[in-house]
Chemist: 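One structure coming up, written as structure tokens, with questions to follow.
Sequence lines set the chain letters: A, B, ... in the order given, protein chains first and strands last, and positions in each chain run from 1.
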There are 2 protein chains.
Amino acid sequence: MKIDPASPADLSAQIAAAIRDAIVAGTLIVDERLPSEAELSEQFDVSRPTVREALKRLAAQSLIRTQRGATGGAFVNRLSFEEAYPQQITTSTLLLSMNAVSFETACEARYALERACAPFSANRRSPDHLATMRAEIHRQSQPGLTDEAFCASDVAFHRALVDGAGNPVLSYQLAGAVEAMQPLMNMITFSARDRARIVALHTDIADAVERKDADATAIALTALELETQKLAESVFAARASKPATK
Amino acid sequence: MKIDPASPADLSAQIAAAIRDAIVAGTLIVDERLPSEAELSEQFDVSRPTVREALKRLAAQSLIRTQRGATGGAFVNRLSFEEAYPQQITTSTLLLSMNAVSFETACEARYALERACAPFSANRRSPDHLATMRAEIHRQSQPGLTDEAFCASDVAFHRALVDGAGNPVLSYQLAGAVEAMQPLMNMITFSARDRARIVALHTDIADAVERKDADATAIALTALELETQKLAESVFAARASKPATK
DNA sequence: GCACTTCAAATGCCAGACAATTAGAAATCG
DNA sequence: CGATTTCTAATTGTCTGGCATTTGAAGTGC
């Protein structure tokens, strides 16, 4: 692991990159302890604060964890799906909000990915996943639910559907796509009529999943996508015609 | 933005979280300049190195960028898809290598997601995407190609297919799934026979995309998935029977 | 008006020190 | 001898203070 003091890049960034590469390449294995900060500062011939900045960069990506005390230090972290979820969601959310991605594009991607999960979920979902879906549908039927709560329940419903596929890689990839849409969905006000239609479509999906009918699940998802797109279109059109709503 | 000095968590982690939340919530907008390190250290009542560690954490996630000089400072970064790709790929790669995800599971997820892109790609791909696919197929037919180069070309082929869908959200999500599989694929040695079969299936895919035939594209992808799974199975079986290969 | 110089602000980096935490070793007591 | 307590060393977390480097902007001279 070498760094170039004459490089234009920050020393801490170079050090972080060197260690990250070693982790990705497998030179440093899970739970292995890195040298202490003092030793690293000697090895790289930089000061301890600089080493610390590098370690914090890695900690921000959950590549290492640190522990204080006599046997403490920095350890290569076993990156778990649970840890990776929030980062994935944060990144996806910001990508959507900062890049003027149209609602249509985001929605298309989300439902396309979700349809990809549908066959697996229909065949493999546990009774637990199905129960979660039914419970969320029931919650969505409650009158007096705020729009935010309705959206949150919507996300929970779809996550249960995706998790039902029993493939952690799919769940991880989908988490970003599904949750990142929530801020966009929260811009929509749902009338009682809208909610009834969505609940009906959710019920179609749950029924199809219960019957282990992969095709019907995909078809119901497509219907829900159309409904969502139509709803968003009308909301954005109304907002455009009288922009002084707020 | 407040932090709790008595909290067990690192001060720099708390500060980073506070600023990150402000960015995600929209309190800090793109290209806005954060207070200088000296000002932040006053606001949070911590020292400058602590503030710097917090800023490095955010920089590691591309949430901010820093600039030296008179008008320098830390700025809220417009997170672009280009910047997010490498992080997504690194994370996905580590998730697969550290969590004993079976080849089968990863492969299933990858092809499921790719099939989700197929209909869009068949209908929208530019001539450029198609040309890239043909070029990679041609490269894969060259004798004397190393296994690594063959895999790299394979990734390029599939990325062209995915990018052909013209949906940046899909491309972003798929980048992780496709590229993260490369280390797993690199464990496989491809015989000339294997390569010929894969090239033939790639040609089927390219032909279907050229005809704008979404169904045929999905079918060809499924055939390729089966071939890949079968190939991996035989390789792993052979390795298991005589484990002292290396 | 243009080129050059100077300046100030900000980040990047460093040295040294002290505080807090923690596991293990050592000492003490029953 | 065993259990408990205390001590100690190692390590990270934080602070103070300072210097180096970069860079835009203001000033200066021609």
Chemist: Take atom CZ of B:R68 and atom P of C:dA10, then tell me their distance rounded to the nearest Å.
Modeler: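 These atoms are roughly 14 Å apart.
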Chemist: Round to a whole Å and report the spacing from CZ of A:R33 to P of C:dA23.
Modeler: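 Atom-to-atom, A:R33 to C:dA23, this comes out as 13 Å.
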Chemist: Of all the choices, D:dG13, C:dC14, D:dG24, which nucleotide is nearest to the side chain of A:P49 once you look at every atom?
Modeler: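 Closest of the options to the side chain of A:P49: C:dC14.
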Chemist: Salt bridge or not between A:R139 and A:E136? Use side-chain N to carboxylate O under 4.0 Å.
Modeler: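 Salt bridge between A:R139 and A:E136, a charged N being under 4.0 Å from a carboxylate O: yes.
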Chemist: How many Å lie between CG on B:L58 and P on C:dT11, as a whole number?
Modeler: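 It is 14 Å, rounded to the nearest whole Å.
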Chemist: If we count only N and O atoms by modelled type, under 3.5 Å, do the side chains of B:Q87 and B:S62 hold a donor and an acceptor together?
Modeler: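 B:S62 and B:Q87 do have a side-chain donor-acceptor pair below 3.5 Å.
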Chemist: Nearest whole angstrom, please: distance from the C1' of C:dC13 to the CZ of B:R48.
Modeler: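 For the pair B:R48 CZ and C:dC13 C1', the rounded distance is 9 Å.
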Chemist: Verify the contact: side-chain N or O of B:T66 to OP1 or OP2 of C:dG12, cut-off strictly under 4.0 Å; return yes or no.
Modeler: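 Indeed, a polar side-chain atom of B:T66 lies that close.
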Chemist: How do B:A70 and A:R52 order along DNA chain D: which one's closest nucleotide is nearer the 5' end?
Modeler: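 Per heavy-atom nearest nucleotide, the more 5' residue is A:R52.
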Chemist: Using atom CD1 of B:I64 as one end and atom P of C:dG12 as the other, report the distance to the nearest whole Å.
Modeler: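 Nearest whole value for this atom pair: 9 Å.
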Chemist: Between B:D31 and B:R65 (salt bridge meaning N to carboxylate O under 4.0 Å), is one present in this structure?
Modeler: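 Answer for the salt bridge query: yes.
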Chemist: Using atom CD of B:E42 as one end and atom P of D:dT16 as the other, report the distance to the nearest whole Å.
Modeler: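 Value for this atom pair: 11 Å.
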Chemist: Quick one: A:R65 CZ to C:dT22 P, roughly how many Å, whole number?
Modeler: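 Going from CZ in A:R65 over to P in C:dT22 covers 15 Å.
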